[in-house]
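Let me begin by presenting the structure, written as structure tokens, before commenting on it.
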Amino acid sequence: MEEILEAYVTNLGKYNEGELIGEWVKFPVSKEEYQNVLERIGIKPGYEEIFITDYNSDIYGLTQNLGEFESVEGLNYLAGSIRALEPEELDKFKAVMESGIDLREEGIRGLVNLTENLDCYEFMPDVTNEVSYGEYIIENYIEGVNNLPTINGVEITAYLDAERIGRDASINEMGRYSDKGYVLDNQGNYSQEWNGCTENIPDEYRLSGETDT
């Protein structure tokens, strides 16, 4: 099974004393599982704070947007939101991540809100470079392309510079290529589903008794 998000949760008090005591947590995680982790790493009176030492995910580019003091409930919300995506939505989410295109918001808030605003991005899975994008534009946007005349038996579209067309289009659109395809922000309406505050995370992702900073 694909690893959505895994974080190494560390006892901050022990770390400050020179000990690295922590445990990998796979998100989304249940309240009971998370509380068991806290007990095992010694989170108790006098040692009540945690921080994230490391991240791991099979989704390329995801962890680069996360910091060491993220709310674990925020991480739970993010992983749960990704898991809830339909297969086609997940493919687009991965493509957006891999492309490195600018998101409307930064950090974990931007990632959570991306799962609810994927319609703001166009994704062309078969377009991976300027040439293939130019060819896509020629085929799909030149009116009557299939009925154009030929020159010495050669279709007139063969004389068009697909690479230049693709390059200029991607520059104008500020789009990004990746191995998964081409991604661009279509400037559609964006809704902020989460404002980044822990208290506004849905109950299903809340981890009662969590002690993040």
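The ring-ring contact (aromatic ring centres under 6.0 Å, His included) analysis of residues 162-205, with sequence neighbours excluded, yields the pairs Y77-W194, Y77-Y205, Y133-Y182, Y177-Y182. Residue pairs meeting the salt bridge (charged side-chain N to carboxylate O under 4.0 Å, His left out) criterion with at least one partner in residues 105-114, sequence neighbours excluded, are E105-R109. Annotation: ring-ring contact (aromatic ring centres under 6.0 Å, His included) contacts involving residues 7-26, sequence neighbours excluded, comprise Y8-W24, Y15-F51.
Hydrophobic cluster membership is shared by I59 and Y55, with clusters built from Ile, Leu, Val, Met, Phe, Trp and Tyr side chains linked at under 4.5 angstrom.
Residues passing the side-chain contact (heavy atoms from CB on, under 4.5 Å) test with N189: none are found, sequence neighbours excluded. Every residue meeting the side-chain contact (heavy atoms from CB on, under 4.5 Å) condition with K14, not counting sequence neighbours, appears here in chain and number order: N11, E17, E19, I21, Y47. Remark: E89 engages no residue in a side-chain hydrogen bond (donor to acceptor under 3.5 Å, both in side chains) (not counting sequence neighbours). Evaluation of the side-chain hydrogen bond (donor to acceptor under 3.5 Å, both in side chains) rule for E68 yields no partner, not counting sequence neighbours. Remark: R40 pairs with E23 by the side-chain hydrogen bond (donor to acceptor under 3.5 Å, both in side chains) rule, at least two apart or across chains. Remark: N195 pairs with Q192, C197, N200 by the side-chain contact (heavy atoms from CB on, under 4.5 Å) rule, at least two apart or across chains. Looking at residues two or more places apart in sequence or on another chain, you find no side-chain hydrogen bond (donor to acceptor under 3.5 Å, both in side chains) involving D203. R167 is linked by a salt bridge (charged side-chain N to carboxylate O under 4.0 Å, His left out) to nothing, counting only residues two or more places apart in sequence or in another chain.
Checking side-chain atoms of T10 against main-chain N and O of L12 turns up no donor-acceptor pair under 3.5 Å.
Counting all heavy atoms, side chain and backbone alike, V112 lies closest to T115 at O-OG1, 2.5 Å. Scanning all heavy atoms of the two residues, the minimum distance from E173 to L184 falls at OE1-CD2, 3.4 Å. Contact record, I4 with L62: O-CD2, 3.5 Å, taken as the closest heavy-atom pair.
One finds no salt bridge joining E6 and K26 here, because no Lys/Arg side-chain nitrogen approaches an Asp/Glu carboxylate oxygen to under 4.0 Å.
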Return all side-chain donor-acceptor pairs below 3.5 angstrom for residues 92-102, not counting sequence neighbours, or 'none' if the list is empty.
residue	atom	partner	partner atom	Å
K92	NZ	L118	O	3.2
K92	NZ	Y121	O	2.9
K94	NZ	E2	OE1	3.2
K94	NZ	E2	OE2	2.8
E98	OE2	D179	N	3.3
S99	OG	A95	O	3.4
S99	OG	V96	O	2.9
S99	OG	I101	N	3.2

